[in-house]
Amino acid sequence: MRYNFKTSEAKWQKTWDERRVFESDVDPSKQKYYVLEMLPYPSGRIHMGHVRNYTLGDVAARYRKALGYNLMHPMGWDSFGLPAENAAMERKVHPGEWTNKNITEMKTQLKPLGFSYDWNREIATHTPEYYRHEQKMMIDFWKAGLLYRKESHVNWDPVENSVLANEQVIDGRGWRSGALVERKLIHQWFLKITDFADDLVESLDTLTGWPEKVRTMQKNWIGKSQGAYVDFQLSDGEAVTVFTTRPDTLFGMSFLAIAAGHPIAKKLSETNADLKTFIQECERGGTSEAAIETAEKLGCPIGLTASHPLIPGKTIPVYVANFVLMEYGTGALFGCPAHDQRDFEFATRYNLPIVQVVFDNGSWDRATAYAGDGTMINSGFLDGMTSAAAKKTMIEKLDSSNTGKSATTYRLRDWGVSRQRYWGCPVPFVHCGDCGVVPEKVENLPIKLPEDVTFDRPGNPLDHHPTWKHTNCPSCNKPAIRDTDTMDTFFESSWYFLRYCSPKSEQAFDEKDAQYWMPVDQYIGGVEHAILHLLYSRFFTRALRKCGYPIQFDEPFKNLLTQGMITHATYQDKEGAWLSPAEIMPLDNGTFVKITDRSPVTVGRLEKMSKSKKNTIDPGEIIDAYGADTARLFMMSDNPPEKDLEWTDSGADGAWRYLNKLYTQAMYAVDCIPAANTPEPEVFSAAAMNLRQVVHKTIMEYTHDLETFAYNRGVARLRTLSNALFAFDPKTADEKWAFREGYETLIQLLAPIAPHICEEVWQSFGHATLVYETPWPKHRPDLTLETQVTIAIQVNGKLRGTIEMPADSDDETVKQTALNHVAHLTDGKTVQRVIVVKNKIVNIVVS
RNA sequence: GCCCGGAUGGCGGAAUGGUAGACGCAACAGACUUAAAAUCUGUCGAUCCUAGUGGUCGUGGGGGUUCAAGUCCCCCUCUGGGCACCA
C-alpha cells in the first residue's frame, strides 16, 4: 500500500483551510509567538532557497503551535525593485503588471507546500495601501530632523545618461552600454542612521538570540573608533582637518592626502591642469567600496605643503589620492608609511620617507608596514611610551596646543534612500521656487506612481513623464515641481514586520496589535542580509519611536536564524554555454553528455543556484514527483540550516522512500495496536521497556534539537526511532501499547517537518483531532535515565578497549576494572597517573 | 583591499576538551523475481600483517597547550558571504 501524497496533501491543505487553523488574532490570555521569514522579492518562480527558508520557518511555527503558543506566521511580497524595471525594458511589460503576475504565480507555487501562513495578513509593498504609510514616515523623519538632502556620488552611465546600480557596473563599465562608468555628484535624500550609531552598536549586546557572527559583522560595520581630528596649515594659508585613529604615529607622518572631491582639490584644479586631469581619472569607475579599495593606489601632488602641527619648521607634501573618499571622515588623512600598509605602498611608489615611530623589539623587516603596538621612538615627547599611552598623550597635546581634538567616529555612513528610478515609493516632497523643499500635505497621501510611463529611453521615467511632476506648492500653492526620486527598497523591508500586526489598519500599524505581537520571536532568512536589512530595520525601530510612533520594544527581532544557500553543480557544453541539470544525462563512465546531441558536458564546481548559471532545480518538479513532505523533509535532514545545502536528486529520493516506508509500516501497526484511549499497562516486558526508553529519550533530545535548530540532527534521531519501531514485533498487550506510544510519538515529532503524511497517519490511528492542534509530547524522566554505560579505556591517550559498567559506578571501582582490563598492555610499566571521567573514559598514563 | 564564516569517509553530515565517522545518500554483495523496478539482508575511512577482541595512520596544511584536541591557541592554504543603488 503506497502512500498517495497527491490526494493526501491536497486533502489536508483543504482541511486546514476549512478549519482556518492558521489564522491568528490577538488573545491577551495566551502567550504569543511571531515567526517570520524574510520578505521575498516576487521574481516569478519560487526557488529552492525559498523552500528551505519557509520550511525552516514552518517547522518552528508548527512546533510553537504544538507548545500552546498563540502563533502568528504571515507572508507577503517585497514587490518594488529593479528587476521589474529591467523586465519592463526587455519585454515591454509594465512593472506593475509584471509584478502582480509574479505574485499570483509564486503564491500558486507556494500553496502546495503546506506552510502554515495566515494569508489574511498578506501584504504587497508596491500597493499604495502599503507605501502611503512610508510616505508619511518620510515626512515625519523630515520633521524630526532625521531626513536631509546632500550631494552624493552615483554611478553614472554617460551613454545612457542614467544612474546605474552597483550590480549594473561590471568591471567599471555599464552593463548595457559598455561605457566607462563615472562618479557623478547629485542631490540625494539621506536618513540619519548615524544619529543612532552608538545605540545600534551598544544594543548588539542585548541581542543574545542572534548569531554571534552577525553581531560581530554589524559591530564592525558600524565601526566605532576613538581617535582625533588634527588640523594642518597649508602653505597657501588654507587649513585641512584630518581624522585619524592613530594619533600616536603623528611623528612618522610623511604626507597628507585629500579626496578628489575635497574643496581644496577642486579649487586648485582650476589652475592646475595635471591635477584637473588626475581628478577626472579619480572620478572614473564605480562607487562601490570593493572597486575603490582594489584599485591601484594613485596620487597627484597638489603643489602645496602642510606644516607639521608639532614639529616647528617641518613641512610635508600634500597629494590628492584616489583612495581617499570625501564621504568618509573629513575627506583627508595623514600618511604614516611605516605603520599602515596602504600608506606604505603609497610612500614606496612616490619615494616618500618611511620613518619608524613604533618599535616592535627589532623584528620589523621594513618590507611591509608594521601596524601593531610597541614602544614609541623618533617621536619627541612620546618616546618610550606604549602605543596606548602615546595615543592618550598625543590627544591631550593636540587639545592643549589647539591643533586638534579627540573624537569618536563611526565607519557607518548615513543611509542614502534616493533612487532615480520608477518602480519604488515616490518621495513625498515638492520643490518650490519660493519655499524650497516642502513636504506634501499628509491628507494628499499617497502620492501615487503614474501608470502611464514608458521605458523606451534610459533614465528616470518619473522625470520624463509629461505631467506627473508638475504640481502646486503645499505651502504657498504656486506652481512647483515634485521630487522625482523614489525610495530605496530597503525602506519597505524596514518596517513590514510591523504592518503584519495590523495589515488592514488606516495607520501604519495599531498600538495594541504591535504591543501584543512585537517583537518578532523568530526571524529566519539568508545570511546575505546580515548587515544592511537587519541594521536598517533596527534603525527604523528607533527612528519611528523618536517620531512618536507607538513602539514599546527596543529591538524588532528577538531571535535570528541565518540560513545558508542552496548550491548545485554547474554544467557547461563544449562552447562554454551554461546547461541546466534537466538538459544533461549521465553516462555509465560517470561523465555527462547533453541530451539533445550527446556532446560532452563539463561539470563545474558547486555554486549558489542562480538563473545565470542555470544550475537551478525547480521546486515545482520535485513537489510533483515526490510531494511537499518529501521536499520539506530532505531540506531539513541533510545538513544544518546555517550551512549551504547541496541539492541532490538521490537525497530527495531517499526522503521519499523513508516517508513511504513509514506509511506502510504505520498502516501495518494500525492492525495490531490497542484503541486510542487504552490505559497504560502496569508492567512492561524488557523489549517494551527498551522501546519506551528509545521513545522518551527521542522526545527529550529531539525537542532540544528543535529549540536549537539542529533539524538535521533531529531528523537523524527520528530515523533511529523509526528503525527501532520497524524492527519491533509486539506480541503481548503491553508491547502493543508501547508500540502505539512509539508510533504516535514519532508522528507528533515528525509533524512539523512532514505535516501532511502525519495528519494522514494520525487519522488512521483513530484520532478525530488534527495533529497540528495536538500538544507536544513530554518525555518521562524515569525512562530517559541510563542504567548501564560503556566506558572507554585509554592507555597514554590511545583507545585500548571498552568496559560495561552500571551508571555512576564509583571511580575507584571503575579504575580497578579498567586496570585489569588492559593489564596485558601495562605489564612491566609504571602506572604514573589514572584519570577517570565519570561514565565516560579512563586514561591510564604509563611510562 | 577590508569585515565575517567554512574545510571531517566516495557524498551530506554527527561528535558539553573524553570511544572520530551517529543518521542518511551512493556503491558493492546476497535474497525475492522469468526479468526489471520496488522491497529486504549484509559490507562499507586508509593501510599493514601472523587476519585478530590485531597494529599503524587518519578531521585542509604546519606548529603549540593538555593525561586527552575535529573541538582551545598561533601561522598558512583553499573556499563561501558582505562591502552601503541586487534583494
Say we look at [N] and [M]: how far apart would their [atom1] atoms be, to the nearest angstrom?
N     : M     : atom1 : value
B:U43 : B:U34 : P     : 28 Å
B:U59 : B:G70 : P     : 7 Å
B:C48 : B:C11 : C1'   : 27 Å

Quiz question: by atom type and distance under 3.5 Å, do the side chains of A:E160 and A:S177 form a donor-acceptor pair? no

Short side-chain donor-acceptor distance under 3.5 Å, A:D653 and A:Y626: yes

Counting side-chain heavy atoms from CB outward, which of [options] is closest to [X]?
X      : options             : result
A:K643 : B:C23, B:G13, B:C86 : B:G13
A:Q794 : B:G81, B:C23, B:U19 : B:U19
A:P83  : B:C83, B:C86, B:G55 : B:C86
A:N639 : B:C67, B:G13, B:A87 : B:G13
A:R713 : B:G1, B:A15, B:G81  : B:A15
A:L82  : B:C57, B:G18, B:C86 : B:C86

Hey, is CG on A:D171 packed in by over 12 heavy atoms from elsewhere, all under 6.0 Å? no

Just the rounded figure in Å: distance from C1' of B:G58 to CG of A:L799. 15 Å

Below the 4.0 Å mark, does [N] have OP1 or OP2 next to a side-chain nitrogen or oxygen of [X]?
X      : N     : result
A:N166 : B:A84 : yes
A:R833 : B:U66 : no
A:N723 : B:G24 : yes
A:T216 : B:C4  : no

Across all strands shown, which nucleotide pairs with [N] by Watson-Crick or G-U wobble geometry, both distances under 3.5 Å?
N     : value
B:C72 : B:G64
B:G12 : B:C23
B:G80 : B:C4

Of A:W495, A:W415, A:W221, A:F196, which meets ring pair (Phe, Tyr, Trp, His ring centres under 6.0 Å) against A:Y536? A:W415

